[in-house]
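Working notes, structure below.
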Amino acid sequence: MPRLVTYTISDRADGRFDVTATIEPDKVFRRDGFATLAEAEEWVDGLRVLMAALGAPVAQTTSAEPLAPPVPARTPRRAR
């Protein structure tokens with residue numbers, strides 16, 4: 001029976017990105033230091049292709065931290 005593969009993309013303090021993938025129940029793989037979010041997502045796409053060949057579904061887990069800091073809300077200006 002195929003095992004579920006989950007992944008999380010996390011943002012580092014230096015602006016790079018890490019991907020952590022878990023094959024149920026407890027095999028954890030980590031790829032560190034992607035320069036851009038697009039590179040991390042491209043790596044995950046490759047993981048999806050590989051796992052699809054094995055019949056294992058890949059799903060993103062939600063992280064507790066956002067990938068980027070929230071954009072501060074701007075206060076509307078008054079009409080003159």
Side-chain angles (χ1 to χ4, degrees):
M1 171 176 231
R3 296 182 181 174
L4 176 65
V5 179
T6 57
Y7 72 92
T8 302
I9 299 175
S10 55
D11 188 13
R12 297 184 351 184
D14 65 0
R16 294 183 172 269
F17 297 87
D18 299 333
V19 178
T20 304
T22 304
I23 300 174
E24 287 185 340
D26 61 356
K27 296 210 186 279
V28 178
F29 301 91
R30 186 173 173 104
R31 175 74 198 274
D32 299 332
F34 291 100
T36 65
L37 180 57
E39 287 179 7
E41 290 173 340
E42 184 177 337
W43 186 85
V44 169
D45 288 342
L47 177 66
R48 285 185 191 283
V49 170
L50 177 64
M51 292 295 107
L54 300 173
V58 176
Q60 183 175 14
T61 58
T62 56
S63 73
E65 300 175 15
L67 290 179
V71 177
R74 295 183 359 173
T75 57
R77 293 184 179 197
R78 290 189 207 175
R80 291 183 185 184

Self-check item: Contact summary for Arg31 and Trp43, nearest pair of heavy atoms
Solution: NH1-CD1, 3.5 Å
Quiz item: Does the side chain of Tyr7 pick up a donor-acceptor pair with the side chain of Arg48 at under 3.5 Å?
Solution: yes
Quiz item: Looking at residues at least two apart in the chain, or sitting in another chain, which of them share a side-chain contact (heavy atoms from CB on, under 4.5 Å) with Leu4?
Solution: Thr6, Glu24, Pro57, Ala59
Self-check item: Qualifying residues under side-chain contact (heavy atoms from CB on, under 4.5 Å), relative to Glu42, sequence neighbours excluded
Solution: none
Self-check item: Interatomic spacing from CG in Leu47 to CD in Glu41 - rounded to 0.5 Å
Solution: 13.5 Å
Quiz item: Are Val49 and Leu54 grouped together when hydrophobic residues (ILVMFWY) are joined by side-chain heavy atoms under 4.5 angstrom apart?
Solution: no
Side-chain atoms of residues 15-23: list all donor-acceptor pairs with protein atoms under 3.5 Å, sequence neighbours left out, distances to 0.1 Å.
residue, atom, partner, partner atom, Å
Arg16, NH1, Gly33, O, 2.9
Asp18, OD1, Arg12, NH1, 3.2
Asp18, OD1, Gly33, N, 2.9
Asp18, OD2, Arg30, NH2, 2.8
Thr20, OG1, Arg30, NH1, 3.3

